[in-house]
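Just follow the structure's listing: the first ligand is 1, and inside any ligand the first atom is 1. This structure is a prediction, so every number in the text was calculated from the model and none was measured.
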Amino acid sequence: MTNKKKINPKKPKFSPYWIYGIIIAVFLTMQLFSGSNFQDASPTTPSQFMSYLRNGDVEKVEIVNRREAKVYLTAAAEQTEIHKKSKPSSLLPSATRLPNYKFEFGDLQNFEDDISKVINEENLDPLPKVEYKTEQNLWGDFLIGLLPFILLIGVWIFIMRRMSGGAGGGGGSQIFNIGKSKAKLFDENTEVKTTFKDVAGLEGAKEEVQEIVDFLKNPEKYTSLGGKIPKGALLVGSPGTGKTLLAKAVAGEAQVPFFSLSGSDFVEMFVGVGASRVRDLFKQAKEKSPAIIFIDEIDAIGRARGKNAMSGSNDERENTLNQLLTEMDGFGTNTNVIVLAATNRADILDKALMRAGRFDRQIFVDLPDVRERKEIFEVHLRPLKKAKDLDVDFLAKQTPGFSGADIANVCNEAALIAARQGKKAVDKQDFLDAVDRIVGGLEKKNKIMSVAEKKAIAFHEAGHATVSWMLEHAAPLVKVTIVPRGRSLGAAWYLPEERLIVHPEQMLDEMCAALGGRAAEKVIFDRISTGALSDLEKVTKQARAMVTIYGLSEKVGNLTYYDSSGQNEYGFTKPYSEKTAELIDKEISDIIEEQYQRAIKLLEENRDKLTLLAEVLLEKEVIFKDNLEKIFGKRPFEKKEMVEDKKAEEKVEIIEEKKKLDNTEEE
Ligand code: ADP
Ligand code: ZN
């Protein structure tokens, strides 16, 4: 029987189904051997029994558990017509005699009294015996006894399943894998389709990882000259810039075993598991070397140690990190295992991780520029059915500041929009709609807005546009809209220059432009609104930074309260005196007030143009740079077209207007 194999004691393989099996087996056995279930004692009533007793038919009465009576008839009575049917039968031959009748009496005392009364009255011979017995319900008792164990085992199995993540694998065997690494292994048997071709742009980063692949493929080439192969490389960059993609491509290209996991895979609710998983991971990798280990989101474990001394939960993470460091130190350069890790928060990583000999290479994965965006578009346009005249250059220009993931999203969204409208191919307009949607959320065509509100928003936006047009250092405008989207009621898009250092007048001009919205409301309606919340937030932050961080305020002086080491995380103590605090507050509000007055003055001088612009905006809802040029003429300080300077063009900044605070928003 197959059963025999399973129970083979040499290889005990635990399965929760065994428990069910055992329970069923026990149940059946009980059914078969207890016999009691097959007794067929006829039911009767106490009064009937009394009449049998009077007749002298009863040989014995068994009182079971003080509640039930079992009646045994005399041999003679059993033959009579009335009792014939009561003859007990059993499927199994039973050694003990079986009762003929059974019934439940109410009160034992009364019942005994009744019996002795009948016996005394009738002078019966032979005297019927009365016996007392306690019968146990074996099956029920057994079950009750078993229940705690079943519960315990059930809970245990449940916890074990939970602990090991419930992923695949056979039944309870996961229990033994808790300390094993959860890395996914890609080797020659698993097909990884991603190659460097799928990664558009990122030339520099690609080159560096390619070099790593090369290290693993031809280590002698490098070591013969005495060089050491790096142990790790850290991919650093904003989310969605293609770090994971790059690592996948490495797996596809390297043709060496590739272990992929996320930093959070080490973390478990049990102490020591993380460290043991790290150990296991490195052991596996060494066995398969040359190999690559890829740890995504390494900040989950690699965060600087010992900062949150207050919470004990950290210890586990620290242990894990320590183990990782030890392992990285432990394997020599000749083991041919290279660790790749990705993070978007290189600043919070523990310094020890970046030390030479660990992740000694940092590969920066930047947001793509126009040319790279075009390449990324081309990658993601491949599977789409696009209109013939689709201009990819145009798309790339329309998406400054987008990451690779954003672009992938735009392409997908555009296809969905086109499909919704029943088009045969995805065209330019679909892409533009997709861009708008991704930037600002879903367009709310039916958002209810009164005419007065709409007018206020138009003037507010026109105020931003006018002020930024008039100021030399303010960012040039790209687009202004008063179409409500998501939570914002309107938006002005700017194209800030990428500056490495910023001068105070530039900051002040930007603040003035940001205050232009509220200033316009004040100038036109002589009434301000809550619509400037995000403007004020931005301006306040900037002014505070000028005073307390960059040392740009004359009164406070050339000092900074910025702490790059982030030691004073909780800010228990202010690093300055109360008096300085007052001075700082005063400076901040002075700076902001000055710029506000400047914006008001500017707008008052250009009131006619502002009004004109707002009217155009009300009519068209969306306006571009050209419309502004028509009203204001060419911008006086327009920089010479930024030729060839690819870095200058980046990042559109969007200034949104929020009507109220987020949490009091509509719907
Ligand atoms: P990260 O790990 O940096 O957060 P991912 O690598 O997960 O970002 O990128 C998410 C998606 O964005 C990828 O699956 C890919 O579709 C797209 N993507 C990002 N960068 C690029 C790129 N350079 N070329 C092509 N696609 C990209
Ligand atoms: Zn505004």
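Residue His380 touches ligand 1 through its side chain alone, judged by heavy-atom distances below 4.0 Å. Within the 4.0 Å heavy-atom criterion, neither part of Leu246 lies near ligand 1. By the criterion of a heavy-atom distance under 4.0 Å, the side chain of Ile376, and not its backbone, is placed next to ligand 1.
Remark: distances from the non-hydrogen atoms of Gly240 to ligand 1 include one below 4.0 Å. At least one heavy atom of Asp198 sits less than 4.0 Å from an atom of ligand 1.
Residue contacts with ligand 1: Ala200 is placed with a nitrogen or oxygen under 3.5 Å of a nitrogen or oxygen of the ligand (distance criterion only). Considering backbone and side-chain atoms together, Gly201 places no N or O closer than 3.5 Å to any N or O of ligand 1. Backbone and side-chain nitrogen or oxygen atoms of Gly242 are examined, and one is located within less than 3.5 angstrom of a nitrogen or oxygen of ligand 1.
Note that the SG atom of Cys512 and the NE2 atom of His464 stand 11.0 Å from one another [nearest 0.5 Å]. In this structure, the separation between CG on Leu349 and CZ on Phe359 is 8.5 Å, given to the nearest 0.5 Å. Atoms NZ and CZ, on Lys248 and Phe294 in that order, are 9.0 Å from each other to the nearest 0.5 Å.
Taking every heavy atom of Pro239 and a limit of under 4.0 angstrom, the matching atoms of ligand 1 come to 4 (O). Proximity to Thr241 (heavy-atom distance under 4.0 Å) selects the following atoms of ligand 1: 3 (O), 8 (O), 19 (C), 20 (N).
For atom 18 (N) of ligand 1, the closest heavy atom belonging to the protein is Gly404 C, 3.6 Å. Counting only heavy atoms of the protein, atom 2 (O) of ligand 1 lies nearest to Thr244 OG1, 2.4 Å. Looking at atom 10 (C) of ligand 1, its nearest protein heavy atom turns out to be Ala405 CB, 3.9 Å. Shortest contact from atom 14 (O) of ligand 1 to any protein heavy atom: Leu245 CD1, 4.2 Å.
Salt bridge status for Lys522 with Asp526: present, with a side-chain N to carboxylate O gap under 4.0 Å. Electrostatic pairing of Lys374 and Asp393 counts as a salt bridge here, judged by a charged N lying under 4.0 Å from a carboxylate O.
Looking at Asn344 and Ser238, their side chains never bring a donor and an acceptor atom within 3.5 Å of each other. Inspection of the Asn606 and Thr466 side chains reveals no N or O donor paired with an N or O acceptor under 3.5 Å. When only modelled atom types and interatomic distance are considered, Ser262 and Asp265 share no side-chain donor-acceptor pair under 3.5 Å. A side-chain donor from one of Gln323 and Glu327 sits under 3.5 Å from a side-chain acceptor of the other.
Listed for the Lys538 side chain is no donor-acceptor partner under 3.5 Å among the backbone atoms of Leu533.
Seen from the Zn ion (ligand 2), atom NE2 of His464 and atom OD2 of Asp535 lie 100° apart in angle, a value rounded to 10°.
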